[in-house]
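When a residue number appears, it is its place in the shown sequence, counting from 1. Everything numeric here is computed off the predicted structure, so don't read it as measured data.
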Amino acid sequence: MDAIGVLMMCPMNNYLEQELDKRFKLFRYWTQPKQAEFLSQQADSIRAVVGNATAGANADLIDALPKLEIVSCFSVGLDRVDLTRCKEKGVRVTNTPDVLTDDVADLAIGLMLAVLRRICVCDKYVRSGAWKLGDFKLTTKFSGKRIGIIGLGRIGLAIAQRAEGFDCPISYHSRSKKATNYTYYSSVVKLASNSDILVIACALTPETTHIVNREVIDALGPKGVLINIGRGPHVDEAELVSALVEGRLGGAGLDVFEKEPEVPEQLFGLENVVLLPHVGSGTEETRKAMADLVLGNLEAHFSSQPLLTPVV
């Protein structure tokens, strides 16, 4: 398969990049100073694209590669891939579900604890020597809090199961009611009104862009906490910032942002906010498993075998 051209869109994982280089003819898109010219020159050589949550395959890229057969994504989210154009062109699409579910769900619980118990602020308190001057202020209990989850897919369900271990009542919103005993709300506003902690765990689509807006934030209220381990554009970030600054929202734990890696500076000084650099799946074990799944899908496709995780 070393003659098959594979276009890697951006740096995403050293192991994946090395293995792609060993097994295929790898093109590194981000190293090309004149990308349009490069695509024109290599249009007949590239049969696969490897993307992620940052850089995928839009309509222009797909149209520029007439020999493209498959887009294999190093992510669960496919918001950077034009699925409609892929279907029109007969281009297969895969992603990396399941293997990152545990890490993302673990991190969601970690963010809840970190926000409510002020773990990051406590760490700074000890390091700065402030503890010698007096005890840290009281924080907020996590166990028993009402957890509302937007999106009860693999990750949302894993978060719910973990939160149950803390005796947290679970409710959710999704496109349709699931076969579960968790309480279902057909409205995100109603879900927020009946939650102490609102977790975003749905896919990013045009319908879910800014699914958390001012009305939802106000329904969550000044004691409520927002946790986002989905995608930045799920939240109207300007409204979130103003709500936190004005005290209309109790706190937030954010792993994703609207314009990554740009993060609103107004959040930096807030003790009730925990900010992470999009590391939901960021463990050695999971990233290797994701890379192996990307490689496995490519090799299955070019060996005329069934795809491991087909989407299109």
Side-chain angles (χ1 to χ4, degrees), residues 53 73 75-81 83-84 87 93-112 145-221 224-237 239-240 249 252-258 278 280-281 309-312:
C73 289
S75 64
V76 171
L78 296 164
D79 43 290
R80 298 294 183 178
V81 178
L83 297 178
T84 300
K87 291 175 184 177
V93 180
T94 65
N95 63 348
T96 57
D98 297 322
V99 293
L100 53 69
T101 297
D102 285 342
D103 274 348
V104 178
D106 290 348
L107 194 72
I109 297 296
L111 281 170
M112 297 179 207
K145 288 291 186 289
R146 298 172 300 164
I147 308 294
I149 302 173
I150 303 175
L152 203 67
R154 294 180 183 90
I155 293 173
L157 187 60
I159 293 169
Q161 291 167 343
R162 283 158 171 76
E164 280 190 281
F166 292 87
D167 295 324
C168 295
I170 309 296
S171 55
Y172 71 99
H173 167 82
S174 62
R175 286 174 295 182
S176 59
K177 191 173 182 179
K178 308 288 186 180
T180 174
N181 291 326
Y182 302 142
T183 302
Y184 172 72
Y185 288 98
S186 59
S187 158
V188 178
V189 174
K190 289 181 180 178
L191 177 67
S193 297
N194 290 278
S195 300
D196 300 307
I197 302 171
L198 185 64
V199 186
I200 304 169
C202 57
L204 181 62
T205 66
E207 293 75 26
T208 62
T209 297
H210 285 191
I211 193 169
V212 174
N213 53 24
R214 186 184 182 99
E215 186 180 9
V216 173
I217 292 169
D218 286 345
L220 191 54
V225 170
L226 179 70
I227 303 294
N228 191 1
I229 46 79
R231 289 287 185 267
H234 280 131
V235 179
D236 185 330
E237 201 164 82
E239 290 291 350
L240 173 63
L249 182 65
L254 309 172
D255 185 42
V256 290
F257 304 88
E258 272 204 277
H278 200 153
S281 64
T309 54
V311 177
V312 173

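- Atom CG of Leu107 is separated from atom CD1 of Ile229 by 8.0 Å, given to the nearest 0.5 angstrom.
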* Run the side chain to side chain contact (heavy atoms under 4.5 Å, CB included) check on Leu249 and Leu240 step by step: do they pass? -> CA-CA 8 Å; Leu249 182 65; Leu240 173 63; 3.5 Å; yes

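- For Lys177, the side chain to side chain contact (heavy atoms under 4.5 Å, CB included) partners at least two apart in sequence or on another chain are Tyr172, Tyr184.
- In this structure, the separation between CD1 on Ile155 and CD1 on Ile200 is 13.0 Å, given to the nearest 0.5 Å.
- Here Leu111 contributes atom CG and Leu226 contributes atom CG; the two are 10.5 Å apart, rounded to the nearest 0.5 Å.
- Listed here is the closest heavy atom pair of Leu152 and Ala160: CD1-CB, 4.5 Å.
- With sequence neighbours left out, the side-chain hydrogen bond (donor to acceptor under 3.5 Å, both in side chains) criterion links Arg214 to Glu239.
- In this structure Val312 satisfies the side chain to side chain contact (heavy atoms under 4.5 Å, CB included) test together with Leu83, Lys87, Val93, sequence neighbours excluded.
- In this structure, OG in Ser171 is found 4.5 Å from CG in Leu191, a value given to the nearest 0.5 Å.
- Taking the side chain as every heavy atom from C-beta outward, Val212 and Ile150 approach each other to under 4.5 Å.
- When all heavy atoms of Ala163 and Ile170 are compared, the closest pair comes out as CB-CD1, 3.7 Å.
- Of all the heavy atoms in Ala108 and Ile159, the pair that sits closest is CB-CD1, 3.7 Å.
- Taking the side chain as every heavy atom from C-beta outward, Phe166 and Ile109 approach each other to under 4.5 Å.
- Under the 4.5 Å side-chain criterion, counting only non-hydrogen atoms from C-beta, Val76 is not in contact with Val104.
- Counting all heavy atoms, side chain and backbone alike, Ser186 lies closest to His173 at O-CE1, 3.1 Å.
- The structure places SG of Cys202 at 9.5 Å from CZ of Arg175, a figure rounded to the nearest 0.5 Å.
- A 4.5 Å side-chain heavy-atom check between Ile147 and Tyr182 finds every atom pair outside the cut-off.
- Distance CD1/Ile211 to CG/Leu204: 10.0 Å, rounded to 0.5 Å.
- Applying the side-chain hydrogen bond (donor to acceptor under 3.5 Å, both in side chains) rule to Thr96 yields no partners; only residues at least two apart in sequence or on another chain are considered.
- Evaluation of the side-chain hydrogen bond (donor to acceptor under 3.5 Å, both in side chains) rule for Thr183 yields no partner, not counting sequence neighbours.
- The salt bridge (charged side-chain N to carboxylate O under 4.0 Å, His left out) pairs that include a residue from residues 145-164 are Asp98-Arg154, Asp102-Arg162, Asp106-Arg162, Arg146-Asp196, where partners are two or more places apart or lie in different chains.
- Residue pairs meeting the side-chain hydrogen bond (donor to acceptor under 3.5 Å, both in side chains) criterion with at least one member in residues 225-237, sequence neighbours excluded, are Asp79-Arg231.
- Taking Thr309 as the reference, Asn297 meet the side-chain hydrogen bond (donor to acceptor under 3.5 Å, both in side chains) condition, with sequence neighbours excluded.
- Here Val189 pairs with Ser187, Ser193, Glu215, Val216, Ala219 under the side chain to side chain contact (heavy atoms under 4.5 Å, CB included) rule; sequence neighbours left out.
- Between Leu100 and Ser281, the shortest heavy-atom distance links the atoms CB-CB, 3.8 Å.
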